[in-house]
Amino acid sequence: MLKFLRMLIGAVFCVPMLIVTYPLNWLVRLFKRCGWTKAADGLMWTTLRFLVTWIFFFFGARVHIVGKENIPHQPGRYCYIGNHTSMFDIVALLYPRKFRLSFVGKIEIKKLPIISGWFKALDAVYLDRSSPRQSIKAIIDGSRMIEKGHGMAIFPEGTRSKDGQIHEFKAGSFKMATRVGGTIVPVVLKGTRTVFEDGYSLLPRPVYLAFLPHIDTEGMDEAEQHQLPDRLRNMIQEAYDKLPPIKGLRIREHVPEA
């Protein structure tokens, strides 16, 4: 019942705001077509930051950013890699100010009204997990974006964790960074599940977004690249465990896939 009330309160206040502000998405895309890139980016990020703050407020989340010194502020080829436990992870990554990136998201997002429009404005890349060829194309497209200086985020677990644990990182996700010698920025997300999936309380919930020291893939040999998935997962798991415990966060026993 409490989870239903939490979702109802969030929906009542957030859905109308998403609808009211959506025409600004069309304006952003119009500016881009006219070549007014700076104006388009300014309008897009001002709107998205407002929406993210609004969403977290009415869904009862308080965001805490850890490791602000590791947030890139200089141009570069950045690939953001983090754990994935909630549908709110993408919203959390859009929260920090003066921080711009896009995403590699599953192709099903194209079917979501409003959200798909903002993904298009962000120049997101879609991943079709049912097609190996399309998956490879998505990684290549993402690496080209990184090469142009457009930060990209990917969740290498492949899908969000259903049990709250951090699962194996798939090696293919790292090709987006290594094929262009990009810089990996590890990101740890904790508490986003209690906002939505495990939201069994009406009290405000803490959400932690931690940025870890960067890993430069320029000049990495094959052996180092092969070790990257386990290295990143271990880094993120260690940092995750050090973040404050969150009441109501459910960690279930993981049952390996057959």
Side-chain angles (χ1 to χ4, degrees), residues 25 28-29 32-33 44 76-94 100-163 165-187 189 215-236 254-258:
N25 178 281
V28 167
R29 284 190 265 175
K32 286 188 175 184
R33 290 194 193 100
M44 178 174 68
R77 294 172 293 180
Y78 297 109
C79 179
Y80 301 87
I81 289 182
N83 59 303
H84 192 23
T85 61
S86 170
M87 289 184 282
F88 268 67
D89 290 339
I90 289 176
V91 181
L93 283 174
L94 293 172
R100 302 185 178 188
L101 78 169
S102 190
F103 300 91
V104 176
K106 58 184 181 180
I107 199 166
E108 289 81 1
I109 291 175
K110 282 188 172 182
K111 300 177 183 178
L112 300 177
I114 299 179
I115 295 174
S116 60
W118 285 113
F119 258 63
K120 186 172 182 179
L122 282 166
D123 297 319
V125 172
Y126 292 100
L127 180 68
D128 184 354
R129 290 174 293 182
S130 66
S131 169
R133 173 182 250 176
Q134 289 300 315
S135 296
I136 292 171
K137 181 180 183 300
I139 296 300
I140 292 173
D141 290 344
S143 66
R144 287 173 178 164
M145 296 288 284
I146 291 172
E147 194 170 28
K148 294 176 183 177
H150 193 113
M152 297 294 293
I154 189 169
F155 300 112
E157 289 167 272
T159 186
R160 61 191 171 91
S161 169
K162 302 299 189 298
D163 53 23
Q165 297 192 38
I166 299 176
H167 295 180
E168 176 188 2
F169 282 9
K170 294 176 171 57
S173 303
F174 293 82
K175 295 292 184 183
M176 195 166 68
T178 57
R179 73 187 302 271
V180 293
T183 299
I184 293 175
V185 182
V187 185
L189 295 126
I215 296 176
D216 190 359
T217 69
E218 185 75 52
M220 267 192 180
D221 59 32
E222 191 173 335
E224 290 175 307
Q225 292 183 26
H226 182 73
Q227 295 168 358
L228 265 179
D230 287 340
R231 179 183 173 188
L232 261 293
R233 187 195 175 280
N234 291 338
M235 282 179 64
I236 288 173
H254 174 52
V255 179
E257 295 181 5

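We're numbering straight along the sequence, starting at 1.
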_Is it the case that over 12 heavy atoms from other parts of the model lie below 6.0 angstrom from the NZ atom of K32?_
yes
*Would you say L122 and M44 make side-chain contact, with heavy atoms under 4.5 Å?*
yes
*For L189 against A92, the heavy-atom pair lying closest together*: CD2-CB, 3.7 Å
*Can you measure from NE2 (H84) to CZ (F169) and round to the nearest 0.5 angstrom?*
11.5 Å
*Do the side chains of I136 and K175 get nearer than 4.5 Å, heavy atoms only?*
no
*Is there a donor-acceptor contact under 3.5 Å from the side chain of D230 to the main chain of Q227?*
no
*Would you confirm whether N25, through its side chain, and G117, through its main-chain N or O, come within 3.5 Å as a donor-acceptor pair?*
yes
*asked:* Rounded to the nearest 0.5 Å, what separates atom CD1 in I184 from atom CZ in F174?
replied: 6.0 Å
_Counting C-beta onward and ignoring hydrogens, is there a side-chain heavy-atom pair between L228 and M220 closer than 4.5 Å?_
yes
*Which is it for Y80 and L93 under the side-chain contact (heavy atoms from CB on, under 4.5 Å) test, yes or no, and what are the steps along the way?*
CA-CA 10 Å; Y80 301 87; L93 283 174; 5.7 Å; no
*Which heavy atom of G182 sits nearest a heavy atom of T217, and at what distance?*
O-OG1, 2.6 Å
*Steps toward side-chain contact (heavy atoms from CB on, under 4.5 Å) verdict (F103, I109)*: CA-CA 11 Å; F103 300 91; I109 291 175; over 6 Å; no
*Would you say the side-chain atoms of T183 pair up with the backbone N or O of D216, donor to acceptor, closer than 3.5 Å?*
no
*Mind checking the CD1-CG spacing from I236 to N83? Nearest 0.5 Å is all I need.*
6.0 Å
*Do R77 side-chain atoms and A177 backbone N/O form a donor-acceptor pair below 3.5 Å?*
no
*From I166 CD1 over to S161 OG, what is the distance, rounded to the nearest 0.5 angstrom?*
8.5 Å
*Do M176 and I81 have side chains that get closer than 4.5 Å, going by heavy atoms?*
no
*asked:* Looking at every heavy atom in both V125 and A138, which two are closest together, and how far apart are they?
replied: CG1-O, 3.4 Å
*CD of E224: more than 12 outside heavy atoms within 6.0 angstrom?*
yes
*Given side chains that start at C-beta, do those of R144 and D141 come closer than 4.5 Å, heavy atoms only?*
yes
*Looking at S173 and P156, what are the two nearest heavy atoms and their distance?*
OG-CA, 3.4 Å
*Which atoms form the tightest heavy-atom contact between S143 and V180, and what is the distance?*
O-CG1, 3.6 Å
*Can you measure from CD1 (I215) to CE (M235) and round to the nearest 0.5 angstrom?*
4.5 Å
*Does the side-chain contact (heavy atoms from CB on, under 4.5 Å) test come out yes or no for Q165 and H167, once each step is laid out?*
CA-CA 6 Å; Q165 297 192 38; H167 295 180; 3.9 Å; yes
_Give me the atom names and distance for the closest heavy-atom approach of D128 to S130._
OD1-OG, 2.6 Å
*With side chains defined as the heavy atoms from C-beta onward, is the minimum distance between I90 and F119 less than 4.5 Å?*
yes
*Between S102 and M152, is any pair of side-chain heavy atoms under 4.5 Å apart?*
yes
*Supply the atom-to-atom distance K106 NZ to R160 CZ, rounded to the nearest 0.5 angstrom.*
6.0 Å
